[in-house]
Participant: 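Quick one: the structure is below, and I'll ask about it shortly.
Residues take their numbers from the sequence shown, with the count starting at 1. Scope of the values below: all heavy atoms of this structure, side chains included, with no hydrogens, waters or symmetry mates.
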Amino acid sequence: MTDIVFPPSLILIIGAFILPLVRGAVRRGVILALPVLALMAVWSLPVGTQVAIEFLDYRIAPVHATASGRLFAIIFCLMAFAGGVYAMGRARLTELVAAYVYAGSAVGVTFSGDLITLFVFWEIMALGSTLVIWAGGGERAWKASFRYLLIHLLGGVILMAGIVWRVSMTGTADFGPMLPDNPANILILIGFLVNAGAPPLSAWIPDAYPEASPSGMVFLSAFTTKTAVFALLVGFPGAEVLIWIGLYMVFYGIIYALLENDMRRILAYSIVNQVGFMVCAIGIGTELALNGAAAHAFAHIIYKALLLMSAGSVLYMTGKRKCTDLGGLFQSMPVTAINGIVGALAISAFPFTSGFVSKSLETAAAADQGLMLVWFLLMAASAGVFLHAGIKFPWFVFFQKDSGLRPDDPPLGMRLSMWFFSFLCIAIGLYPDSLYSILPFETEYQPYTAGHLVSQSQLLLFSGFAFFALLPMMKRSLTISLDFDWFYRRFGRILADEFTIRSSHALERMERQARMRVEGFVRRLYRHHGPHGILARTWPSGGMVLWVTVMLAGMVIAAAVL
């Protein structure tokens, strides 16, 4: 189809710049209306809708509706709506504008039918997310946003190089399944993996996200890594290397989350862990596995945002984010605690929650393909998820010791957004067909079998017993976990200092040499034109007439010859 349609992404991007022009109730209405209008536009585009134009001798498709793209666009719009409600009245205007540009560019990626359009929205997304972090305020947020931008500029350059190389090789910019079997495709794969938080640059997520505002981190958790999952799902389904990259991310996130003391860094490492499940499923590449990755991404955006809303509410009301400073908050923040527990159960794949009906697709796909090692590792990782996100976060924040803090639950908008996502977590768990019906491929998978219920319940019970049995070892202290970012942060500082010193020395040498040349020129000028210079002396009139005559004669001869 080539019907002219309005891209849903532009509703959010253009609408974001309306926010500074309005105030009060009108601004609040625009915040709520923009995601709803974008969602309506997404629903109005049936699968197969395409808008194509010619650009620089290439066919560009800024709107290309696919089943997987619509799935991701739907959850991105829902996330923008809930995030807007959560942030309303508390976030800075800069953050809201940047967040809606960020969300709109993520929707733009999901509707990209070519690599050029994808790259444009990819870079807009990097700028929008950087501003969301920067809007958190303070020196730490500014430094984190700068490091974040550097990482994503690096990923963008790699992605651009791969796209240019591929387009020059194939003569087309179409975005579809590829194999990492040539340098161009490998560069594109690396560019996607940088945004997914894959090794060795996974640390940018826990480094940057926790420095954003409470509402900023909610937005950040949804778009960058999930657009990367979408890009990998469309571009590299079945690439076996993704299985092992995903498994690395799964256990990397678990280990660091268990070591962490900062509640928001715990949940940031958990993002890496959960994306690892999706990347692994994409590497398996079957229809069941790809459905699992897409369903997991959809559910993950909801329950991870819910967990971060709960953590953000605690931070907003107490000003504290370390587990060692918190505890006993269920007494005065029951709404926040209940919603945090719902999110914790969903991320742990507890029966009758969204995580149970989505994550099980991935493990079933591994079993169906006879990948027993992969299946075993994914099941073991599921137990680890329950340890760090399902139990550790709510236990240390809302229970354990009594910290003596008695803050109230957060304002109404923050509570409503948490209740909305809690409802979705449970509704999808109770009615999985509501999610399965919009997955990229048809599925007849049934999550509620006796064997699956029993095995998952046993896994969760064992994990819970292990947590409380090892509780003395789980208690955190005021420590700092060193991650791979230590290398580029420390050596980057050394290189920057060395560059500054050497460049300042070089500048001094250049200035000294320039000054010496200028002084030498002035001295020569003075020697000839000064009061005692050769050109300042008096000359006889006859001698001067002689030289003038010689010069005139020379000019006459030259004119005659020429």
Side-chain angles (χ1 to χ4, degrees), residues 66-73 75-76 106 109-110 112 115 118 122 155 159 162 175-181 185-199 201-202 205 222-253 271-301 304 355 358-371 373-375 377-378 381-382 435-436 438-443 445:
T66 62
S68 55
R70 291 184 75 228
L71 173 76
F72 280 84
I75 189 56
F76 287 162
V109 169
T110 66
S112 298
L115 291 167
L118 180 143
W122 197 270
L159 178 60
F175 179 41
M178 298 172 275
L179 291 174
D181 56 358
N185 291 354
I186 291 172
L187 288 175
I188 294 173
L189 176 61
I190 293 172
F192 290 162
L193 288 173
V194 169
N195 271 28
L201 299 178
S202 306
I205 296 176
F223 303 122
T224 299
T225 52
K226 306 317 170 301
T227 52
V229 169
F230 165 78
L232 290 169
L233 190 149
V234 175
F236 294 94
E240 186 177 352
V241 67
L242 294 179
I243 297 176
W244 310 108
I245 292 174
L247 288 173
Y248 173 94
M249 295 171 66
V250 164
F251 288 97
Y252 160 91
I271 293 174
V272 182
N273 160 261
Q274 294 291 292
V275 173
F277 279 91
M278 305 169 207
V279 171
C280 182
I282 293 170
I284 295 173
T286 62
E287 290 189 356
L288 181 61
L290 296 178
N291 272 347
H296 193 176
F298 191 101
H300 173 261
I301 289 174
K304 181 49 60 74
S358 60
K359 193 180 296 184
S360 57
L361 289 165
E362 297 165 325
T363 53
D368 287 350
Q369 292 302 110
L371 302 172
L373 176 60
V374 176
W375 175 85
L377 291 174
L378 290 177
S382 297
L435 175 58
Y436 292 171
I438 58 174
L439 292 178
F441 305 99
E442 292 186 6
T443 179
Y445 178 76

Participant: If you compare all heavy atoms of Phe277 against all heavy atoms of Ala381, which two are closest, and at what distance to 0.1 Å?
Facilitator: CZ-CB, 3.7 Å

Participant: Measure the CD1-CG distance between Ile190 and Leu159 for me, rounded to the nearest 0.5 Å.
Facilitator: 10.5 Å

Participant: So which heavy atom on Ala297 is nearest to which on Val229, and how close?
Facilitator: CB-CG1, 4.5 Å

Participant: Below 4.5 Å, heavy atoms only, C-beta onward: do Val275 and Ile205 meet side chain to side chain?
Facilitator: no

Participant: So Leu290 and Glu287, side chain to side chain contact (heavy atoms under 4.5 Å, CB included) or not? Walk me through it.
Facilitator: CA-CA 5 Å; Leu290 296 178; Glu287 290 189 356; 5.9 Å; no

Participant: Test Thr225 against every option in Val279, Ile271, Val272 by the side chain to side chain contact (heavy atoms under 4.5 Å, CB included) rule and name the one that passes.
Facilitator: Ile271

Participant: For Phe192 and Trp122, take the angle between the two ring planes, folded into 0 to 90°, and tell me which bin it lands in: parallel under 30, tilted 30 to 60, perpendicular over 60.
Facilitator: tilted

Participant: Any idea which heavy atoms bring Val109 and Phe230 closest together, and the distance?
Facilitator: O-CE2, 3.4 Å

Participant: For Leu361 versus Gly292, what's the shortest heavy-atom pair and its separation?
Facilitator: CB-CA, 3.5 Å

Participant: Could you label the plane-to-plane angle of the Tyr252 and Tyr248 rings as parallel, tilted or perpendicular, counting under 30° as parallel and over 60° as perpendicular?
Facilitator: parallel

Participant: Compare every heavy atom of Asn185 with every heavy atom of Pro180, then report the nearest pair and how far apart it is.
Facilitator: CA-CB, 4.2 Å

Participant: Give, for atom CD of Glu362 and atom OG1 of Thr286, the distance between the pair rounded to the nearest 0.5 Å.
Facilitator: 10.5 Å

Participant: What are the two closest heavy atoms between Ser358 and Ala299, and how far apart are they?
Facilitator: OG-CB, 3.6 Å

Participant: Using the rule side chain to side chain contact (heavy atoms under 4.5 Å, CB included), only one of Leu242, Ile245, Leu377, Val374 pairs with Cys280; which is it?
Facilitator: Val374

Participant: Looking at CG of Leu247 and CG of Leu373, how far apart are the two atoms once the value is rounded to the nearest 0.5 Å?
Facilitator: 7.5 Å

Participant: May I ask you to decide if Leu439's main-chain N or O and Asn291's side chain share a donor-acceptor pair within less than 3.5 Å?
Facilitator: no

Participant: Could you measure the distance from the NZ atom of Lys226 to the OG1 atom of Thr110? Nearest 0.5 Å is fine.
Facilitator: 14.5 Å

Participant: With no hydrogens and no angle check, is any side-chain donor or acceptor of Asn273 less than 3.5 Å from a backbone partner on Val250?
Facilitator: yes

Participant: Drop me the distance from Leu288's CG to Gln369's CD, to the nearest 0.5 angstrom.
Facilitator: 8.5 Å

Participant: Output, in order, the C-alpha distance, side-chain angles, deciding distance and verdict of side chain to side chain contact (heavy atoms under 4.5 Å, CB included) for Val241 and Phe236.
Facilitator: CA-CA 10 Å; Val241 67; Phe236 294 94; over 6 Å; no

Participant: Do side-chain atoms of Thr363 reach the backbone of Trp375 as a donor and acceptor pair under 3.5 angstrom?
Facilitator: no

Participant: Quick one: CG on Leu189 to CG on Leu232, what's the gap to the nearest 0.5 Å?
Facilitator: 6.5 Å

Participant: Any side-chain heavy-atom pair from Phe72 and Thr227 closer than 4.5 angstrom?
Facilitator: no

Participant: Between His300 and Lys359, is any pair of side-chain heavy atoms under 4.5 Å apart?
Facilitator: no

